[in-house]
Amino acid sequence: MWSRAREWSRASSWAARALQPQTQQQQLPPPPAPRGLPLVGTTLDLIAAGSAPRLHHYVDQRHRQLGPVFRDSIGPVDAVFVSDPNEMRRVFSLEGRYPAHIVPEAWLLYNQVYGYKRGLFFMEGEEWQRFRRVLAGQLLRASSVPELLLAPCHAVAKDFAAELAPGQVVPDLESRMYLWATDVLVAVLLGAQRYGELRSQLRAPTRELAGAVHKVFGESARLSLMPAKLARLLHLPAWRHFVSAVQAALDQGNALVTRLIPECAAGNGLLGRLLAAGVSHDDARRLVVDLLLAAGDTTAYSMLWLVLLLAKHPSVQEELHGALSQPAAAEPEAAARLPLARGVIREALRLYPVAPFLCRYLPEDADIGGYRVSAGQLVVLSLYTSGRSEANFPQAGRFWPQRWLRDSAGAYRGVTASHASLPFAMGARSCVGQKLAETQMALLIAEITKRFRLELADGAEPEPEMVLRLVSVPSRPVRVRPLPRL
Ligand code: HEM
């Protein structure tokens with residue numbers, strides 16, 4: 001089955017297949033599916049693979065068994081899974097004008113029950129397109145890094161490194177990363193200078209918000225293990241705790257943004273730019289509060305994986321330190337663009353994509369890998385599998401940031417299919433915070449590496465495993481000790 005599907009993906013060009021008449025697509029076979037038991041389907045296999053926290057292992061095994069495209073019903077979700085990089089790209093090319101993705105059930109229910117209007121991630125159709133243009137116009141432009149992102153990310157990274165206690169295990173690194181992610185966004189909203197002026201006044205509300213966002217994540221992850229509607233109907237503690245955590249985070253987020261609005265005119269940050277672009281105060285609050293929520297889990301956990309991998313690989317830290325010590329890398333702009341720092345980030349996100357499954361509902365019937373996929377069918381891209389496949393990345397299990405450096409002919413040294421790793425997705429609905437996330441992570445590892453060597457506090461203990469709690473998180477706390485460089 002593997003080779004059959006591969007031949008398909010090689011033999012057929014995208015363009016030719018996009019032009020296939022509908023009738024021809026209807027003649028294609030359906031994707032292969034595992035044999036399930038009556039009533040329970042494949043649920044027992046999923047339980048055997050480690051249940052929901054190890055869904056990525058279950059899906060990986062299925063790809064090995066059935067090939068790069070298969071269909072499965074996991075609980076109530078019926079989806080076509082895709083792990084071939086060319087087919088993943090094809091899915092994005094067919095996503096339509098208003099790409100539709102899946103939103104956690106508990107969040108949808110919360111928004112419905114409390115009539116809450118949320119930000120970009122939750123929007124659809126023309127409303128989504130309008131605000132997407134506004135946000136992408138600020139955050140994803142070529143000039144956004146030097147004009148909007150660099151100075152705030154650098155200021156917060158310097159503070160972070162300065163606050164590390166040399167030789168001491170960093171206490172509760174996970175919470176520290178949430179605070180960093182929130183600080184960065186507040187600094188970007190205000191601009192570095194205004195942020196510097198207001199930093200001490202904003203410290204307490206920012207810290208509270210970071211804690212509240214962290215709590216929402218914990219409660220959402222707990223609730224994701226059961227149907228949210230049922231939990232609400234039965235007034236289960238999981239639903240009640242989720243609601244109070246979300247309300248607290250939204251209230252604190254709204255209060256913080258309301259406080260920033262009168263301040264932002266004096267700065268050159270994102271918030272002022274949104275208002276200048278004609279976004280109303282209410283819409284700005286709605287968009288920005290959701291940016292604060294979207295930035296928290298994603299960058300905090302990505303950075304935790306990154307720190308863990310660096311601490312495990314002292315030789316990479318030394319090479320990075322050497323590169324950062326060159327005069328050419330002295331300025332933050334150069335440090336943020338340093339190829340090795342970028343390689344470290346890409347490699348960490350390849351091995352530990354914070355969103356290991358990307359979802360799209362295709363608007364038309366489609367040919368995916370030689371199989372018929374009907375309009376409206378949920379398609380799930382298996383990033384964990386594609387990112388760890390030897391066919392796409394030689395020595396796929398190894399943390400090897402240098403694979404992303406280019407040789408004299410301009411090719412990556414150790415990458416066969418770069419689009420097999422898509423941690424920020426691609427296309428019109430890809431991550432609007434990608435440039436921000438890359439810049440803030442690059443500058444934080446630069447500031448830490450310049451001053452410290454990171455050491456694993458738990459020595460030779462086995463590496464924490466990747467488990468799914470809505471996003472990929474380490475199975476136990478990451479504990480590192482920063483040792484000062486002499
Ligand atoms: C390492 C960090 C991050 C990763 C890996 C990441 C990943 C992603 C992915 C995969 C998506 C696409 C979801 C889909 O296709 O349905 C997404 C969407 C999004 N991300 Fe990020 N993200 C990161 C950081 C951020 C940050 C810092 C922000 C805030 C500035 C942000 C804001 C958003 C928003 C608002 C969307 C929804 C975009 C839309 O629907 O048009 N992300 N992110």
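Predicted, not measured: the structure shown is a model, and the values here were computed from it. Remember, it's 1-based here, ligands and their atoms both numbered in the order they're listed. What's counted below: heavy atoms across the whole structure, side chains too, no hydrogens, waters or symmetry copies.
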- Could you name the option among Cys359, Ala428, Pro99, Cys431 that has the heavy atom nearest to atom 9 (C) of ligand 1? Cys431

- Classify the contact between Pro423 and ligand 1 as side chain, backbone, both or neither, using a heavy-atom distance cut-off of under 4.0 Å. backbone

- Heavy-atom contacts under 4.0 Å between Leu436 and ligand 1: side chain, backbone, both, or neither? side chain

- Short side-chain donor-acceptor distance under 3.5 Å, Asp60 and Thr385: yes

- Item | Distance-only polar pair, side chains of Asn86 and His419, donor-acceptor under 3.5 Å | yes

- Gln402 CD: over 12 foreign heavy atoms closer than 6.0 Å: yes

- Message: Is it the case that over 12 heavy atoms from other parts of the model lie below 6.0 angstrom from the CZ atom of Arg133?
- Response: no

- Number the atoms of ligand 1 from 1 as they appear, then name those within less than 4.0 Å of a heavy atom of His101, with their elements. 14 (C), 16 (O), 40 (O)

- Any donor-acceptor pair under 3.5 Å from Ser302 side chain to Thr299 backbone: no

- atom 34 (C) of ligand 1: nearest protein contact (heavy atom, Å): Val432 CG1, 3.8 Å

- Item | Whether Arg360 lies under 4.0 Å from ligand 1, heavy atom | yes

- Task: May I ask whether Met441 has any heavy atom positioned less than 4.0 angstrom from an atom of ligand 1?
- Result: yes

- Item | Geometric N/O contact Arg132 with ligand 1, under 3.5 angstrom | yes

